[in-house]
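Here is how names work: the chains are called A, B, and so on, in the same order as the sequence lines, proteins then strands, and each is numbered from 1. Here the structure is a predicted model, which means the values were calculated and not measured.
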Number of protein chains: 2
Amino acid sequence: MRLSDSIESFIKEMLDDGSAEVELKRNELAEYFRCAPSQINYVLATRFSPDHGYLTESRRGGGGYIRIVRVVQSGSQRLMYLVNERIGDSLTGEECIRLISQLKEAEVVTADEASLMAAAVSARALSVPLTDELKNAMRARIMKSMLMTIAARNKG
Amino acid sequence: MRLSDSIESFIKEMLDDGSAEVELKRNELAEYFRCAPSQINYVLATRFSPDHGYLTESRRGGGGYIRIVRVVQSGSQRLMYLVNERIGDSLTGEECIRLISQLKEAEVVTADEASLMAAAVSARALSVPLTDELKNAMRARIMKSMLMTIAARNKG
DNA sequence: ACACTCTAATGGTCAAAGAAAGTCGAAGTA
DNA sequence: TACTTCGACTTTCTTTGACCATTAGAGTGT
């Protein structure tokens with residue numbers, strides 16, 4: 001069996017033990033598996049990316065850590081669909097507005113949250129000297145990032 | 001746990017015990033935690049800055065002291081300050097996080113809204129091929145746009 | 001009393017060392 | 001060809017120590 005697979009299983013077992021969140025020390029884990037510390041990063045990048053339904057957060061320096069949060073659960077299917085299928089690399093301002101109001105209609109987000117989201121991808125927010133293509137690429141990314149966050153909170 | 005975190009908690013506990021103000025002796029505190037006195041300055045700079053919602057004032061010489069005050073501002077005061085003075089043309093990701101968590105602490109936004117905002121300006125959202133400078137400029141704009149939306153709703 | 005100086009007691013700054021984690025290209029493997 | 005693994009180098013956060021700045025009060029001379 002591959003090292004990466006072992007590390008993946010190890011982390012997933014930890015996640016199954018109750019909480020949907022786990023905190024670890026990169027160096028300790030690498031030591032445990034007798035591999036290069038950067039191997040852990042590889043596993044995180046290939047098996048615990050947002051597309052796989054996980055968020056990771058970390059801190060360097062003394063007392064540093066890596067935290068992994070599982071965000072995909074039954075209730076978030078629709079959101080994950082949006083993130084993975086509906087939204088591609090690009091989204092116009094209008095498409096954003098349409099999506100956001102659908103989410104509001106469906107009561108996935110509150111009205112206040114909907115306006116916050118709209119503000120984040122508004123023309124005003126993106127009024128920097130960039131091509132429309134780049135702006136729409138940014139919109140897609142900003143939307144995905146926010147939707148992932150909503151999916152994470154909706155897991156209960 | 002990190003030393004800095006311990007010192008931070010210690011000070012915050014003192015602040016929670018009633019008054020929104022605390023006075024301490026740098027050397028005594030350093031002695032108590034068995035660390036270099038300058039460590040206290042580090043904690044103040046990284047955890048009790050104005051962005052974190054605190055002001056510090058101090059005096060040297062015999063009978064010197066350090067006073068830490070938690071700043072209390074109304075929601076709209078804080079929003080105005082942020083939009084008009086604090087946020088200029090550029091904001092780093094960390095600065096965004098700090099400002100957002102202050103708004104949450106001050107109950108200007110809900111926890112859900114705070115994570116939404118953080119998601120909008122996260123590195124994940126802005127992982128497009130742009131210079132850091134441009135990204136930080138975008139962060140400033142996105143933040144302002146969102147904050148103005150919040151300010152608008154708080155009036156109605 | 002008064003003014004002046006000296007000194008001990010504080011706190012401040014900054015650069016360097018230490019302690020994690022991140023990146024990325026090269027080499028290995030299936 | 002695509003996926004893994006490694007390790008040299010980078011970045012970020014923490015901790016310390018040497019040196020600097022300020023202040024209150026004691027001592028001294030008039």
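- The environment of B/Q73 atom CD is dense: over 12 non-hydrogen atoms of other residues, nucleotides or ligands sit within 6.0 angstrom.
- If you measure from atom OH of B/Y65 to atom C1' of C/dA9, you get 15 Å, rounded to the nearest angstrom.
- Closest non-hydrogen pair, B/N154 versus B/V108, comes out as ND2-CG1, 4.3 Å.
- Computed from coordinates, the A/E8 CD to D/dC3 C1' distance equals 13 Å when rounded to whole Å.
- For B/R60, whose side chain is taken as the heavy atoms from C-beta onward, the closest listed nucleotide among C/dG12, D/dT16, D/dT4 is C/dG12.
- The side chain of B/Y42 lies closest to D/dC13, out of D/dC6, D/dC13, C/dG22.
- Residue A/L29 contributes atom CG, which lies 15 Å from atom P of C/dA20 at whole-angstrom precision.
- The nearest whole Å value for the distance from the CD1 atom in A/I40 to the C1' atom in C/dC24 is 17 Å.
- What separates CD of B/E57 from P of C/dG12 is a distance of 11 Å, to the nearest Å.
- Of the candidate nucleotides D/dC3, C/dT13, D/dT23, D/dT23 has the atom nearest to the side chain of B/R59.
- When rounded to the nearest whole Å, the span between CZ of B/R47 and C1' of D/dC13 equals 9 Å.
- Other residues, nucleotides and ligands place more than 12 heavy atoms under 6.0 Å from the NZ atom of A/K12.
- Comparing D/dC6, C/dG11, D/dT16 by their nearest atom to the side chain of B/L3 picks out D/dT16.
- Relative to the side chain of A/R2, the nucleotides D/dT4, C/dG22, D/dT14 differ in distance, and D/dT4 lies closest.
- Within 4.0 Å (heavy atoms only), A/G64 reaches sugar-phosphate atoms of the nucleic acid but no base atom.
- For D/dC3, the OP1/OP2 oxygens have no side-chain nitrogen or oxygen of A/T46 closer than 4.0 Å.
- For B/A36, the side-chain atoms get nearest to D/dT16 when compared with the rest of C/dT13, D/dT16, D/dC6.
- For the pair B/K25 and B/Y32, the cation-pi test (distance below 6.0 Å, angle within 45°) is failed.
- At the phosphate of C/dG11, neither OP1 nor OP2 sits under 4.0 Å from any side-chain N or O atom of B/N41.
- Regarding contacts with the backbone of C/dT10, a side-chain N or O of B/K25 is found under 4.0 angstrom from either OP1 or OP2.
- Of the candidate nucleotides C/dA21, C/dT10, C/dC24, C/dC24 has the atom nearest to the side chain of A/S38.
- Heavy-atom neighbours of A/M14 CE from other residues, nucleotides or ligands within 6.0 Å: above the threshold of 12.
- Between the CZ atom of A/R26 and the P atom of D/dG7 there is a distance of 13 Å, rounded to whole Å.
- Spacing between atom CZ of A/F33 and atom P of D/dT5 amounts to 11 Å, rounded to whole angstrom units.
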